[in-house]
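Reminder, nothing fancy here: chain letters follow the sequence lines and each chain counts from 1. No hydrogens, no waters, no symmetry mates; every other heavy atom, side chains included, goes into these values.
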Amino acid sequence: MIKIEKSNFGTFIQNLSADYSLFAPVGEGQQSAFREVKNAEQINTHIQITQNSPKTVFLPQTEVLFEFSGDDIQSEEKPAKPMFFWGVRSCDAKSLNLLDKVMGQSKQRPDDPAFQDPYWKARFDDAIILTLACNEPASTCFCNWTGGSPFSKDAGDLWAVETETAYLVEPLSEKGEAFVKGLSGYDTASEKDKQSIAKLKKQAESYLQPAVDAETLKEKLPQTWEDPLWDEVSAKCVNCSACAFICPTCYCFDIQDEGKKDKGKRIRTWDCCMFPIFTKEASGHNPRSLARERVRQRVMHKFRYFWEIYGESLCTGCGRCVRVCPVNLDIREVAKQLLEADSAA
Amino acid sequence: MQEKDKKDWQPKILAILCNWCSYAGADLAGVSRIQYPPNIRVLRVPCSGRVDPMFIMKSLQNGFDGVLVSGCHPGDCHYLSGNYNARRKFAVLKPLLEYIGIETERVQFSWVSAGEGERFAEVVTKVTNDIRKVGPAKRLVKGVVSW
Amino acid sequence: MKNTYIPIPMKVDKIVTEDPEKTLRTYDLNFVNKSDLEKFQYLPGQFCEMSLLGMGESPFGIASSPTEEGFLRFTINRTGLVTNEIHNLREGDAVGIRGPLGNWYPVEDFKGENVVIVGGGFAFTTLRSLLVYLLAHRDDYGEITMIYGARNPDLFIYKNELEAWLKRTDMKLHLTIDNAVDGWQHHVGFVPAVTEELAPSAEKAWVVVCGPPIMIKYTLPVIEKLKFPDERIITSLERRMKCGIGKCGRCNIGSQYVCIDGPVFSLAQLKTIPDAL
Amino acid sequence: MVKALREEVKRLFEEKKVDLVIGWGKGSLPMTATPIFINKAEDAERLIWDETCSNNLAVYLTKDKRQLVKTDQKIGIVVKGCDGRSLVLYAVENQIQRENLVIIGVPCAGVIDKKKVLKHIEGKEVLSASFEADRMTVEGRGFKTEIAKCDVLSDSCLNCNHPNAPVFDVFIGEPRKSDSVEDVYPDVEAFEKLDSEARWKTMVEAYSKCIRCYACRNVCPSCYCTECFVDQNDPQWIGKSPEITDTLIFHLGRNLHVAGRCVECGACERACPADIDLLKLNRKISKEILERFNFTAGLDINEKPALASFCENEKQDFIMG
């Protein structure tokens, strides 16, 4: 574990931005997001969690799949420089790994590159993610529900803790290993530093609310399918997509053509299961025409369906949707209500 | 845009004309061989009341430098009140577009009757000159947005 | 690596209008590049995203069989933006396809057994692919029975082929229409009723059902009554799709993505998925 | 006040005057109320009424939410001034059956905009908040701040002349005297004074933040079309991506569709996760409509919306002479 003194942070960031496209938390409150930075002054180092997750860089809200002119088709997948993400919270680092399972890989056709998303892979495969331990989880955080924790080392290439005077960094993956090897002139963390990590960790964990067991919820969910409780929990939902667009693991998208027949581009842009037209077929038939069905789909997908395929929850407990929902439809409350529901098997 | 381009630039204007008055007025201007700038493309609609503000905004978005909407004079509407309803819509649309910073010259309204061939030519001339003065559209144009 | 979102260039080789209303047309597409043709390996039941640049993409089941070489066939109903535009295509025009996508009818499992195919309306496309495939490997399979229904005689697709199949002795084709019309010499009645009447044996047999949701809904109970086990009742689902490669999310039902885990499912599978039918 | 509200709702249930009451309950976060739906007298205890009750509940009577409301079901709904105006709009537009509705008015002194509070404390996390007459106190880890309520009131409340529902069946407490604000649109006037380029620049900056989540549309009581124009795809009016011209035209289109129908409740603005001053354009339209047609939406149950009516001899200065 190496130690980057805060007094050296500026130089560290400067050097980093020379070799990588460096992304870090920028901005306050509702405007906060991961954006490309050139120097340390641009970084918001005190932010609990950015409103927009790093997903917005790897799977941007809108991107051009290709441009066409006549029969000629041009596409660009590769970013110019590999990306380095500074200050990703453990929930977000985990969310990138979850997204990679869907976008970068294919459970159903693991060996066929035609089923991997080239744009995602071009960005994600070379990117280095530095997971920054969460010293002060927010009251909306619930990463402990789905197997996460503020100091989790489960995801990311590097792991760092911010102490009063320094950032202590250790590698988590081969990529991280290689990165650390390439650094020179930094001290190794002392015993005292390690003690302070333990102390910070303990304090951070004390901020979290008691966890609800997501695995129990997963087991319970199929029984709730016809439960009138879904009417109750979905009643106030207005079916906007604020929760999904702000979610670090929602990946649904639409593909659209823009321009004219002879010249234009094919783009993809986020879409959301909360919209009735998401599933509406050309015939007019809609398999999920009711708000209740759509809310149920979203909850089921996060807490059940994904688990059936990949063995873990698609919710990382970052709490963004809790904060952003215009009608305060709190996913934590929904989960608790579902668990308490007396649904017939 | 460079000076040179500016000189060659010809405004592209969409003229949305009601079938019963303004379109007939344009027709009269034509058969009477009244000269007016060739910058308009005509879209014939049954009534100025048919004009959805979306038509106007989409035209600007897709690259028209200006839009002229013309219908029957108040009281003359073939459908009795189409142009009165249109007038209320335009009364809101015009200041709204101006408010967001679309040049006031870009979207204009007029009443031209079937007998006013001369007036139609005047209206088109005025709109074309106005838009020439403000230059090519750059705001609200897809792919060209600028400050 | 080739970008999976970029369509394979194709040319429209032949267009056949299937019905007098001209809402159903069949398109034979040729590969522009020979290398693409060689790489394109598929089985009956799979689908493609057909792409018109500037207009968008739509998924269609492949109606040709891999045993018919050199072209791909699609039959397209004019319903929306993209299909409208496809109907404006002429022979020689360029289109793109992405595929083959999805899974296929379990033709390997069918080997040595009887196959019953029940279809309705223009959802007959991949069933044609299946039938042509089975006939091309005729010796590998037992009895082949097909029940195909349409609202009226005009709405059958592939009419010439139907004629030929009716004459064959190594398979049985039963056609049915909803209401009797003059000169009609085949069955009259809805597909479920005709299926019940014909009562194909479930002995050593598989059944493939494909058609409009309402037909499937009423045919499945009939088939279950005939004692076909759920694992041997095969159907193909339709959902709105975009990416076709299990990413974009809209065809998700339960833990399955219709575009990659399907579109072909057995009834046994569907029974484990809430609201699939 | 809250006690009176609960008593009243309890009474309505007991006297079988309602089957369902839509009101606000305590939310899961500080400074946050949440819409609740209660169907029995004892649940009336869950109701609250304070400056956090910012949602416009009228929205639950239309849209997809119609499924909540069964025919012949008697519905009680708790409304502020602006929510009440939405109900007037619904009555005018035949969206509700007035006789099936029990409108429960509450006097409103303005609701707070959480986003303004967060800006006030520079994005720190609020763990608890309490309200007094004209101040609020927010507390979090390592801070406690007092904020003047007028600094964090929703923009829509700042120049509000309609604190009480124009039409109601029951009123809790005393209707609040209107402040009779004369200059209702100072913000619009200030913006109008900027030059065209500055206005455009401001718009582009503001609307570039839009993520097209449609929260504004979906919380808007005046937006209840079964299929919104942005959702139509044949023809497709608006590109689906947050490209700036598509985004602007979506918002302008929506503004125009609610022109003369917008009650300026500010629900759109408070719902916006991207913090865009959405009400700015609505207020410009409302100002035009007030000046030209002397009309304000949602006040008179017998008056058609401004853009659904006309006078033969009205000012047409914007039409070429």
| Main-chain N/O of B:Y99 paired with D:K284 side-chain donor or acceptor, under 3.5 Å | no
| field | Heavy-atom side-chain contact between B:M57 and D:L256 under 4.5 Å | value | yes
| For the side chain of B:R87 and the backbone of D:F310, is there at least one donor-acceptor N/O pair under 3.5 Å apart? | no
| task | Return yes if some donor-acceptor pair links the side-chain N/O of B:R139 with the main-chain N/O of D:K201 below 3.5 Å, else return no. | result | no
| note | Heavy atoms of D:E243 and B:G143 approach each other most closely as OE2-N, 3.7 Å
| request: Tell me, for D:D317 versus chain B, whether the close heavy atoms (under 4.5 Å) come from the side chain, the backbone, both or neither. | output: neither
| Contacting region of D:A198 [heavy-atom separation from chain B under 4.5 Å] | neither
| request: Measure B:L68 against the heavy atoms of chain D and call it side chain, backbone, both or neither at under 4.5 Å. | output: side chain
| What pair of heavy atoms forms the shortest contact from B:N85 to D:S309, and how long is it? | OD1-O, 4.3 Å
| Any side-chain heavy-atom pair from B:Q108 and D:I319 closer than 4.5 angstrom? | no
| note | The interface call for B:P95 against chain D, heavy-atom contacts under 4.5 Å, is both
| Just wondering, do B:P74 and D:Q316 contact through their side chains at under 4.5 Å, heavy atoms? | yes
| field | Interatomic spacing from CG in D:L248 to CG in B:L97 - rounded to 0.5 Å | value | 10.5 Å
| said: At a 4.5 Å cut-off on heavy atoms, which part of B:V127 comes close to chain D: side chain, backbone, both, or neither? | reply: side chain
| field | Neighbour count >12 (heavy atoms, 6.0 Å) for atom CD, B:E105 | value | yes
| Under 3.5 Å: donor-acceptor pair, side chain of B:R88, backbone of D:F293 | no
| message | Does any part of the side chain of D:I238, heavy atoms only, come nearer than 4.5 Å to the side chain of B:M54, both counted from C-beta? | response | yes
| note | So OG1 of D:T245 and CD of B:Q61: to nearest 0.5 Å the spacing works out to 3.5 Å
| query | Given a strict heavy-atom distance threshold of 4.5 Å, which part of D:E312 is in contact with chain B: side chain, backbone, both, or neither? | reply | both
| said: Which label fits D:W237 and B:F55: parallel for a plane angle under 30°, tilted from 30 to 60°, or perpendicular past 60°? | reply: parallel
| query | Would you say the side chain of D:L281 lies within less than 4.5 Å of the side chain of B:L96, judging by non-hydrogen atoms? | reply | yes
